[in-house]
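In this text the structure is predicted, and so the values were computed from the model without any measurement. By convention here, the first residue in the shown sequence is residue 1. Quick note: numbers below take in every heavy atom, side chains included, and nothing from hydrogens, waters or symmetry partners.
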Amino acid sequence: MADITSDITRGLLEQIQGFERELQAVDVGIVQEVGDGIARVVGLEHIHAQELVQFSNGVMGIAFNLEENTVGVIIMGDYTHISEGDEVRGTGRIVSVPVGDALIGRVVNALGQPIDGRGPIQSDQFLPIERIAPGVIQRQNVYRPVQSGIRAIDAMIPIGRGQRELIIGDRQTGKTAIALDTIINQKGKDLICIYVAIGQKRAQVAGVMALLEEHGAMDHTIIVNASASDPAALQYIAPYAGCAIGEYFMESGRDALVVYDDLSKHAWAYRQVSLLLRRPPGREAYPGDVFYLHSRLLERAAQLSEAKGGGSLTALPIIETLLGDVSAYVPTNVISITDGQIYLEGDLFYSGVRPAVNTGLSVSRVGGDAQRHIIRRVAGRMRLDMAQFRSLAAFAQFGSDLDRATQQQLDRGMRLQEILKQPQFQPTPLADQVALLLAGTRGKLDHVPVGLVKQWEEQFLHYLHANHPDLPAQIEAADYRLTDEIDALLVAALDSFNETWAELAEAG
């Protein structure tokens, strides 16, 4: 017994004698002033910009303003339990988020922490939320399409991988629906999607998640949520966090799509934080660097060169306008940064044209470079024809007599407009788009009454799937080009169906 006691004593003595205390230098500051989600801290002499700091109660913050005697910190949590005199410590870590495949299918906050109740995210890789955009030499031209499944967009305003295409319009005109349709259409494909919700109701974001799960789209989607009840600091960093998550996939040679819904609320959050930290206000009380706020975010979307892996990050920012005013401060800023815009018009939406895309004001500056050859051949002059139809329709309202050519253009335009209408969250496969667009542009619909076009469309697609189930495979085998064989097949199918349709119409 004595031997055992002496062995234990000897072991303890050896441990005590061998103990060496590790000294660690920690940058410490004291809260001088706190309120409204921001704190002014004295000390923290060696702090870096955008460095994470931790308050004594465990709440995190970001060093935002580095002034001569104080540091302005934006608090990313409940600030009501922080008071003057509390200790603040620098973490030595610039704000970063976990990245990797472990995030796919999850809902996270702006710091990459899971908020879907499905346990921790197993990822040991982190990327800073603020990064320098890829340089000119690291990029190449946008040349591959993002198939949105929305006929009006794929035919007239194509989106390319690596592009930044703005979705702009008034409240409740279908902006989010277009983004969600695009995400749903990527099911079973090679595009990973990140949906960033900024300043939205939590119930609304839960609805988006339920919708994506219903359509099987959460298998390739990550949701980053900074809701309306979260601090302005989290709403400010959320899009940068979503972008960093997307950059991981881009830099690993894959393709990613990030939706910022929406950047109007993002600018409001940044304005709130800036004014609280007493940064000088400019136009509409926004700080002077509000343009840089969005340009440094959107410039990170790119199509990388083959030497860099050939991955891409596509950005779909959303901007909400007031009474259709696209010339307001934030909308004009974002329009000038992006590679085109999809403009949704309230009048079209309320008249039943959905998606309510105004083809005259919408544009894709990448254009046909990122469009499938078969769609480009079939759609042809469709965008110009639709713009002319809209102006002719406005003129025809005056009731004046129209010549035959003008009336024919109006009639065809009305049928094309019907073809471009489609239900929400039901993206159209490429082969179906090609068949319908060819029918509209080749005059195969001219005999169908306008009110029966949607019925004709439904029955024709059913006929096409039943009689030509291998059409999608044929289009893919032809490298998405409109060959003479595919053209003849589609025209024959349309003529054959139209004969049956005419008989049914006469009998009806």
Side-chain angles (χ1 to χ4, degrees), residues 52 59-60 62 76-78 95-129 167 175-189 191-250 254-263 265-266 269 297 313-318 424-425:
L52 275 175
V59 173
M60 305 300 288
I62 303 174
M76 297 186 296
D78 185 7
V95 188
S96 56
V97 290
V99 295
D101 291 86
L103 275 82
I104 297 175
R106 302 297 301 270
V107 182
V108 299
N109 65 11
L111 293 172
Q113 299 163 339
I115 53 174
D116 53 7
R118 291 169 49 197
I121 291 171
Q122 303 299 327
S123 176
D124 55 358
Q125 290 181 283
F126 286 79
L127 282 180
I129 64 167
I167 302 172
K175 301 184 297 299
T176 301
I178 282 183
L180 294 180
D181 270 342
T182 305
I183 292 173
I184 290 167
N185 197 49
Q186 308 315 314
K187 182 181 177 182
K189 298 178 185 172
L191 194 64
I192 294 155
C193 304
I194 300 112
Y195 177 78
V196 184
I198 309 161
Q200 296 184 28
K201 299 171 190 168
R202 291 187 178 184
Q204 195 173 340
V205 178
V208 167
M209 181 184 173
L211 180 83
L212 293 176
E213 281 183 336
E214 181 188 335
H215 291 89
M218 278 305 288
D219 294 339
H220 61 264
T221 304
I222 302 161
I223 296 177
V224 180
N225 180 34
S227 64
S229 59
D230 287 332
L234 289 177
Q235 295 180 44
Y236 156 60
I237 67 169
Y240 299 101
C243 189
I245 292 168
E247 280 177 324
Y248 166 82
F249 297 108
M250 174 179 73
R254 289 183 277 178
D255 298 309
L257 167 77
V258 59
V259 176
Y260 304 114
D261 191 6
D262 66 89
L263 292 188
K265 292 189 182 75
H266 180 232
L297 170 69
L313 178 63
T314 309
L316 290 182
I318 295 175
Q424 203 172 351
F425 312 129

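Of the residues Asp255, Leu257, Val258, the one that meets the side chain to side chain contact (heavy atoms under 4.5 Å, CB included) test with Leu313 is Val258. Results of the side chain to side chain contact (heavy atoms under 4.5 Å, CB included) test with Tyr240 over Val196, Leu297, Val97 single out Leu297 as the only residue that passes.
To the nearest 0.5 Å, the span separating CD on Glu247 from CG on Leu127 amounts to 7.0 Å. Rounding to the nearest 0.5 Å places CD1 of Ile245 at 12.0 Å from CZ of Arg106. Atom OH of Tyr248 is separated from atom CD1 of Ile194 by 12.0 Å, given to the nearest 0.5 angstrom. Separating the CG atom in Leu234 from the CD atom in Gln113 is a distance of 8.5 Å, to the nearest 0.5 Å. In this structure, the separation between CD1 on Ile198 and OH on Tyr260 is 8.5 Å, given to the nearest 0.5 Å. Taken to the nearest 0.5 Å, the CD1 atom of Ile129 stands 5.5 Å off from the CD1 atom of Ile62.
Counting all heavy atoms, side chain and backbone alike, Pro98 lies closest to Phe126 at N-CD2, 3.6 Å. Taking each heavy atom of Ala232 and Ala269 in turn, the nearest pair found is O-CB, 3.8 Å. In this structure, Ile222 and Leu103 approach most closely via the heavy-atom pair CG1-O, 3.3 Å. Considering all non-hydrogen atoms of both residues, Pro114 and Gly119 come closest at CG-O, 3.5 Å. The two residues Ala110 and Val224 come nearest to each other via the heavy atoms CA-CG1, 4.2 Å. The shortest non-hydrogen separation linking Phe425 to Ala177 is CE2-CA, 4.1 Å.
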Test log, rule side-chain contact (heavy atoms from CB on, under 4.5 Å), inputs Tyr195 and Asn225:
CA-CA 8 Å; Tyr195 177 78; Asn225 180 34; over 6 Å; no
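Within the 4.5 Å cutoff, the side chain of Asp230 has heavy atoms near those of the Arg202 side chain. Side-chain atoms of Asn109 and Met76, non-hydrogen and from C-beta on, never get closer than 4.5 Å to each other. When side chains are defined from C-beta on, Ile183 counts as touching His220, because their heavy atoms get closer than 4.5 Å. Residues Leu111 and Val95 have side chains in contact (heavy-atom distance under 4.5 Å, counting atoms from C-beta outward). Between Ile318 and Val259 there is a side-chain heavy-atom pair separated by less than 4.5 Å. Side-chain contact between Met209 and Thr221 is absent, with no heavy-atom pair separated by less than 4.5 Å.
Between Tyr236 and His266, the ring-plane angle classifies as parallel under the 30° and 60° cut-offs.
Counted within 6.0 Å of NZ on Lys189, heavy atoms from surrounding residues, nucleotides or ligands total more than 12; the atom is thus considered enclosed.
Put simply, the side chain of His215 never gets that close to the backbone of Asp181: no donor and acceptor are under 3.5 Å apart. With hydrogens and angles ignored, the 3.5 Å screen pairs a side-chain donor or acceptor of Asp262 with a backbone N or O of Lys265.
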